Number of protein chains: 2
Amino acid sequence: MSEVKEILKKKNLRVTPMRLQILDLMFHASAAVSQKSIEAKLKDFDRITLYRTLKSFEEKGIIHKIEDGTGLNKYAMCADCDEHHHHDEHVHFNCNKCGDTFCLEDMEPPSFVNKTKHQIEQFNIVLKGTCEMCLN
Amino acid sequence: MSEVKEILKKKNLRVTPMRLQILDLMFHASAAVSQKSIEAKLKDFDRITLYRTLKSFEEKGIIHKIEDGTGLNKYAMCADCDEHHHHDEHVHFNCNKCGDTFCLEDMEPPSFVNKTKHQIEQFNIVLKGTCEMCLN
DNA sequence: TCAAATTTTGCAACATAGTTGCAGAAAGGA
DNA sequence: TCCTTTCTGCAACTATGTTGCAAAATTTGA
């Protein structure tokens, strides 16, 4: 728990019980978490505050938002992001069965041959299928 | 207009003024359209009916839904989809400035080296940047 | 062309996700 | 401890999407 406390302090965010709980939860989560799944675990807290907490975490570069196409925003800890730059351009995987989303930080992102006249600056890649857990 | 009429008949959908207008609009659109942009153009029609129209078009394989990460569902005509199978696994491009989304049907989708234990079945790739129009 | 069967539409009501303003509470520093 | 700043929780609101149902429109075929 003091590990997440350090993160908050380093980012100049006040250490509150809610923030500690949320960050602790994400720190130990194996998959990316949605706001809904956080709400399910911390039912004493206010929905709006949770939105704002996640927003400020994201702005400070503690977590990154994942658009996995399920319509639900999900969040995961950033390996090495800060408030100036997010390094979250890794591939994500979304399970069609359980809906969980994982960061595939080891997977090499592909390069694209740009035949178009559009200027490509970032990408969002979500692989879909059946996750390790659901296969068994 | 009779071209889109044929599409509806072929798919066993009744030919109604609303469907003709929506399909005609999508047929001539250069970018993928969101429900919102359709509403802006066809303001005489009911919001709920529009949802259901898009849904039935999608089910019949006339259009495909694009998850471009903007949170808004967008739709584009299917080049060769039918109700049994969607062939919409091409790369999409989303402009950060104007928000428009395009199908890059010419772009070769990359292959992924699967080092994980997850089973990959589909993918969703959205390239982001500045589109041709916004560059000029 | 008209009536019956079927599909589609539009309304009401509801559900969920997300946002803003503001007052009071809590955290952190002196 | 007190003061400043930040955070929280409430109320109210917007946008997006869904379901049930009755009325309207379309299609089929006599």
Side-chain angles (χ1 to χ4, degrees), chain A residues 1-2 4-25 32-60 62-75 83 99 101, chain B residues 1-2 4-25 32-60 62-75 83 99 101:
Chain A
M1 203 66 151
S2 74
V4 295
K5 206 165 174 174
E6 285 310 306
I7 297 174
L8 290 174
K9 286 193 171 176
K10 209 183 291 174
K11 299 289 183 179
N12 281 314
L13 288 173
R14 295 204 167 166
V15 179
T16 68
M18 179 174 214
R19 287 178 173 173
L20 285 175
Q21 281 191 257
I22 295 172
L23 210 46
D24 191 61
L25 194 153
V33 297
S34 63
Q35 169 140 5
K36 206 171 182 175
S37 71
I38 298 175
E39 275 172 16
K41 283 170 191 162
L42 313 178
K43 37 199 152 198
D44 287 347
F45 287 104
D46 186 62
R47 200 177 57 96
I48 293 104
T49 307
L50 181 48
Y51 274 107
R52 285 192 276 220
T53 303
L54 293 172
K55 203 173 179 179
S56 64
F57 284 2
E58 198 193 352
E59 283 166 1
K60 293 286 183 174
I62 301 174
I63 61 177
H64 64 272
K65 192 191 276 186
I66 305 170
E67 297 161 344
D68 66 0
T70 59
L72 283 182
N73 285 334
K74 293 190 184 159
Y75 299 89
E83 56 259 67
T101 296
Chain B
M1 204 65 150
S2 75
V4 294
K5 205 166 175 174
E6 285 310 307
I7 297 174
L8 290 174
K9 287 193 171 175
K10 209 183 291 175
K11 301 289 183 178
N12 281 314
L13 288 173
R14 295 202 167 167
V15 178
T16 68
M18 178 175 215
R19 287 178 172 172
L20 285 174
Q21 281 191 256
I22 295 171
L23 211 47
D24 191 61
L25 195 152
V33 296
S34 63
Q35 168 141 6
K36 205 170 181 176
S37 70
I38 299 176
E39 274 172 19
K41 282 170 191 164
L42 312 179
K43 39 200 149 194
D44 285 346
F45 287 102
D46 186 62
R47 201 175 56 95
I48 293 105
T49 308
L50 181 49
Y51 275 107
R52 285 192 276 223
T53 303
L54 292 172
K55 203 173 179 180
S56 64
F57 283 3
E58 197 192 352
E59 282 164 3
K60 293 287 183 176
I62 301 174
I63 61 178
H64 65 274
K65 191 192 278 186
I66 305 170
E67 298 161 344
D68 66 1
T70 59
L72 283 183
N73 285 333
K74 294 192 183 159
Y75 299 89
E83 56 259 69
T101 296

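All values below were derived from every heavy atom in this structure, side-chain atoms included, with hydrogens, water molecules and symmetry-related copies excluded. Everything quoted here is computed from the prediction, not taken from an experiment.
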> For Leu42(A), what residues pass the side-chain contact (heavy atoms from CB on, under 4.5 Å) criterion, not counting sequence neighbours?
Replying inline: Gln21(A), Ile22(A), Leu25(A), Ile38(A), Phe45(A)
> Leu20(B) and Leu8(B): side-chain contact (heavy atoms from CB on, under 4.5 Å), yes or no, with the steps?
Replying inline: CA-CA 8 Å; Leu20(B) 285 174; Leu8(B) 290 174; 4.0 Å; yes
> Which value, rounded to the nearest 0.5 Å, describes the distance between Lys65(A) atom NZ and Lys55(A) atom NZ?
Replying inline: 8.5 Å
>> Using the side-chain contact (heavy atoms from CB on, under 4.5 Å) criterion, which residues pair with Gln35(A)? Sequence neighbours excluded.
In response: Glu39(A), Arg47(A), Leu50(A), Tyr51(A), Leu54(A)
>> Within the 4.0 Å limit for protein heavy atoms, which parts of nucleotides 15-24 of chain C are touched? Write it as a string from 5' to 3', B for base, S for sugar-phosphate only, - for none.
In response: --SBBBBB--
>> Tell me every residue that passes side-chain contact (heavy atoms from CB on, under 4.5 Å) with Ser56(A), counting only those two or more places apart in sequence or in another chain.
In response: Arg19(A)
>> Base, sugar-phosphate or nothing for Ser56(A)? Non-hydrogen atoms, less than 4.0 Å.
In response: nothing
Below 3.5 Å is the cut-off: list the nitrogen or oxygen pairs between protein and nucleotides 25-30 of chain C, distance only.
from	atom 1	to	atom 2	distance (Å)
dA27(C)	N3	Arg14(A)	NH1	2.9
dG28(C)	OP1	Val15(A)	N	2.9

> Picking from Glu58(A), Lys60(A), His64(A), what satisfies side-chain contact (heavy atoms from CB on, under 4.5 Å) with Ile62(A)?
Replying inline: Lys60(A)
>> Output the rounded distance in Å from CG (Asn12(B)) to C1' (dT7(C)).
In response: 12 Å
> Of all nucleotides in DNA chain D with an atom under 4.0 Å from a non-hydrogen atom of chain A, which is the first and which the last going 5' to 3'?
Replying inline: dT5(D) to dA11(D)
>> When the axes are fitted on five pairs at both termini, how much does the helix from dT1(C)-dA30(D) to dA30(C)-dT1(D) curve, in 10° steps?
In response: 30°
> Taking atom P of dT8(C) as reference, at what distance in whole Å does atom CG of Leu20(B) sit?
Replying inline: 13 Å
>> What is the separation between atom CG on Leu50(B) and atom P on dC11(C), rounded to the nearest whole Å?
In response: 14 Å
> Under the side-chain contact (heavy atoms from CB on, under 4.5 Å) test, which residues partner Ser37(B), sequence neighbours left out?
Replying inline: Val33(B), Ser34(B)
>> My understanding is that only residues two or more places apart in sequence, or in another chain, count here; which of them pass side chain to side chain donor-acceptor pair (under 3.5 Å) with Thr101(A)?
In response: Asp68(A), Lys74(A), Asn94(A)
